[in-house]
Protein chains: 2
Amino acid sequence: MPTDLIPALAAAPPGDAARSCPLDGYTVESQVGFLLRRAHQRQTAVWQACMAEGIGEKELTPRQFSALVKVVLHGRVTQNQLGRMAAMDPATIQGVVRRLIARGLVDRALDPMDRRTAVLTATPAGVALASRGVAHARRATEKTLAPLSQTERRTLLDLLARIA
Amino acid sequence: MPTDLIPALAAAPPGDAARSCPLDGYTVESQVGFLLRRAHQRQTAVWQACMAEGIGEKELTPRQFSALVKVVLHGRVTQNQLGRMAAMDPATIQGVVRRLIARGLVDRALDPMDRRTAVLTATPAGVALASRGVAHARRATEKTLAPLSQTERRTLLDLLARIA
DNA sequence: GCTCGGTCGTTCGCACGCAAACGATCGGGC
DNA sequence: GCCCGATCGTTTGCGTGCGAACGACCGAGC
């Protein structure tokens with residue numbers, strides 16, 4: 001299969017194996033998984049840009065922001081509860097929370113009722129940052145969905161929610 | 001939504017700060033970013049399941065499979081070229097390719113014309129695995145999109161492609 | 001020649017994402 | 001009171017994802 005052609009033009013035949021049709025017309029870029037990954041990548045990139053120029057200081061990642069907002073809105077939460085709300089498993093939320101605490105955006109307290117758990121609360125700084133972040137988050141959403149009409153945006157959100 | 005289940009106590013007021021409305025109705029789970037992440041997570045999980053019971057041996061990850069398929073279909077490719085085709089930056093594709101080579105699915109050769117580049121080719125084992133994988137990949141897609149009608153599936157793919 | 005801007009692949013560092021295993025603890029049933 | 005299964009949070013290990021810096025190399029222009 002590696003027909004030894006001069007690598008002059010990388011435009012070599014579409015792969016000798018391809019013609020013998022072992023993949024039967026399978027195309028990577030028409031797969032849901034691929035498109036979801038691409039779209040998610042792009043969304044993250046847009047987010048970073050909006051947050052960076054909006055908040056500046058050590059930009060918050062999308063996950064950190066989601067977690068922070070959840071803590072702000074829900075008051076006292078357990079770490080694992082938070083993870084479930086933000087769609088992160090215990091191992092992942094652990095790191096996210098650690099960073100939020102390290103930056104003074106979230107506080108941790110022991111629960112006298114259940115010594116296994118640690119109750120999380122947003123600090124004033126956390127609440128403030130979340131408030132300021134919302135505007136930038138909305139901008140990121142707007143920018144990500146820019147190519148779509150209002151109707152299409154609703155459709156997309158609906159379809160995504162149904163396969164999630 | 002996932003309103004708190006058991007811990008009666010944790011049902012504390014929806015966050016004192018929440019009532020003062022600092023986030024102005026912002027909800028994490030209605031954000032594109034969040035839904036994309038959720039959907040992508042689920043797709044990956046479904047994929048792993050389909051691949052594991054289908055191929056068994058050290059399941060291929062979705063990215064590894066995408067890259068392998070690209071190599072099979074395109075014959076001779078450069079690593080960075082492959083990265084661009086599969087939507088992975090140079091730092092990322094490096095690791096993916098390293099693993100594919102380690103498992104004997106891809107070969108690497110020096111290009112006498114350009115000593116910077118390394119030309120990649122699929123090994124017979126790589127072609128074979130890609131072929132066998134396609135069926136399982138299709139099953140994964142089917143399973144992921146199961147909640148949607150045929151029309152909705154096309155719509156979703158179209159919308160995703162447009163924001164990617 | 002030779003310099004210079006651009007590309008190729010690599011490495012490092014950090015942030016997810018998740019399986020797996022762990023010790024500590026809780027709650028229920030006996 | 002004691003045992004047992006379930007939960008909580010943690011760590012380890014591996015695989016992405018990407019910015020940043022790097023040394024090697026190409027091609028164009030002087």
Side-chain angles (χ1 to χ4, degrees), chain A residues 7 10 33-34 36-49 51-52 58-67 77-84 86-103 108-120, chain B residues 5-7 10 33-34 36-49 51-52 58-67 77-84 86-103 108-120:
Chain A
F34 184 79
L36 282 173
R37 190 164 65 85
R38 285 285 284 148
H40 183 229
Q41 273 177 211
R42 199 173 120 59
Q43 200 279 328
T44 304
V46 170
W47 170 286
Q48 297 285 25
M51 270 324 194
K58 304 257 193 79
E59 342 76 27
L60 275 181
T61 68
R63 287 78 167 182
Q64 287 168 11
F65 186 72
S66 293
V77 233
T78 273
Q79 188 167 303
N80 280 3
Q81 274 173 7
L82 177 59
R84 284 189 286 270
M88 303 182 219
D89 72 77
T92 301
I93 197 68
Q94 195 269 342
V96 173
V97 167
R98 180 160 38 79
R99 281 165 218 120
L100 289 177
I101 292 176
R103 292 172 55 178
R108 177 183 216 134
L110 295 178
D111 183 341
M113 294 296 99
D114 185 341
R115 278 188 297 165
R116 291 170 304 176
T117 70
V119 180
L120 305 177
Chain B
L5 312 172
I6 322 296
F34 184 79
L36 282 172
R37 189 164 66 84
R38 284 287 283 149
H40 183 228
Q41 271 176 212
R42 197 173 118 62
Q43 200 280 328
T44 303
V46 170
W47 170 285
Q48 297 285 25
M51 268 325 193
K58 303 254 194 82
E59 343 76 28
L60 275 180
T61 68
R63 290 76 168 178
Q64 287 168 9
F65 186 72
S66 293
V77 234
T78 272
Q79 188 168 302
N80 281 4
Q81 275 172 8
L82 176 59
R84 285 188 286 270
M88 302 183 218
D89 73 77
T92 302
I93 196 69
Q94 197 268 342
V96 174
V97 167
R98 180 160 39 79
R99 280 165 219 121
L100 290 177
I101 292 177
R103 292 172 55 180
R108 178 183 216 136
L110 295 177
D111 184 340
M113 295 293 99
D114 185 342
R115 280 188 296 165
R116 289 172 305 178
T117 70
V119 180
L120 305 177

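Each chain gets a letter, A, B and so on, in the order its sequence line appears, and its residues count up from 1.
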**OP:** Report, as a single string ordered 5' to 3', how protein heavy atoms within less than 4.0 Å touch nucleotides 9-18 of chain D: B base, S sugar-phosphate only, - not at all.
**Re:** SBB---SBBB
**OP:** For B:Gln94, enumerate each residue passing the side chain to side chain donor-acceptor pair (under 3.5 Å) test, keeping only those at least two apart in sequence or located in another chain.
**Re:** none
Original post:
Closest nucleotide of DNA chain D for A:Ala45 versus for A:Asp114: which of these residues is on the 5' side?
Top reply: A:Asp114
Subject >> DNA chain C: 5'-most and 3'-most nucleotides touching chain A, 4.0 angstrom heavy-atom criterion >> reply: C:dA15 to C:dC26
Original post:
Quick one: side chain to side chain donor-acceptor pair (under 3.5 Å) partners of B:Arg108, sequence neighbours excluded?
Top reply: B:Gln79
Subject >> Overall bend - the helix from C:dG1-D:dC30 to C:dC30-D:dG1, comparing terminal axes fitted on five pairs, nearest 10 degrees >> reply: 10°
Original post:
Can you name the nearest heavy-atom pair linking B:Val96 to B:Ala67, along with the distance?
Top reply: CG1-CB, 4.0 Å
Original post:
Can you name the residues that form a side chain to side chain donor-acceptor pair (under 3.5 Å) with A:Asp89, not counting sequence neighbours?
Top reply: A:Thr92
Original post:
What pair of heavy atoms forms the shortest contact from B:Ala86 to A:Phe34, and how long is it?
Top reply: O-CE1, 3.6 Å
**OP:** Rounded to the nearest angstrom, tell me the gap between atom CD1 in B:Ile93 and atom P in D:dG19.
**Re:** 16 Å
Original post:
Just how far is it from atom CZ of A:Arg63 to atom CD1 of A:Ile93, taken to the nearest 0.5 Å?
Top reply: 11.5 Å
**OP:** Sequence neighbours left out, what passes side chain to side chain donor-acceptor pair (under 3.5 Å) with B:Arg98? Give chain and number order.
**Re:** none
Original post:
Which value, rounded to the nearest 0.5 Å, describes the distance between A:Leu120 atom CG and A:Leu100 atom CG?
Top reply: 9.0 Å
**OP:** Report the residues that fulfil salt bridge (charged side-chain N to carboxylate O under 4.0 Å, His left out) with B:Asp114, sequence neighbours left out, ordered by chain and then residue number.
**Re:** B:Arg116
List, one per line, each side-chain donor-acceptor pair under 3.5 Å for residues 40-47 of chain A, sequence neighbours excluded.
from: A:Gln41; atom 1: OE1; to: A:Arg37; atom 2: NH1; distance (Å): 3.0
from: A:Arg42; atom 1: NE; to: B:Ile163; atom 2: O; distance (Å): 2.7
from: A:Thr44; atom 1: OG1; to: A:His40; atom 2: O; distance (Å): 2.9
from: A:Trp47; atom 1: NE1; to: A:Leu60; atom 2: O; distance (Å): 3.2

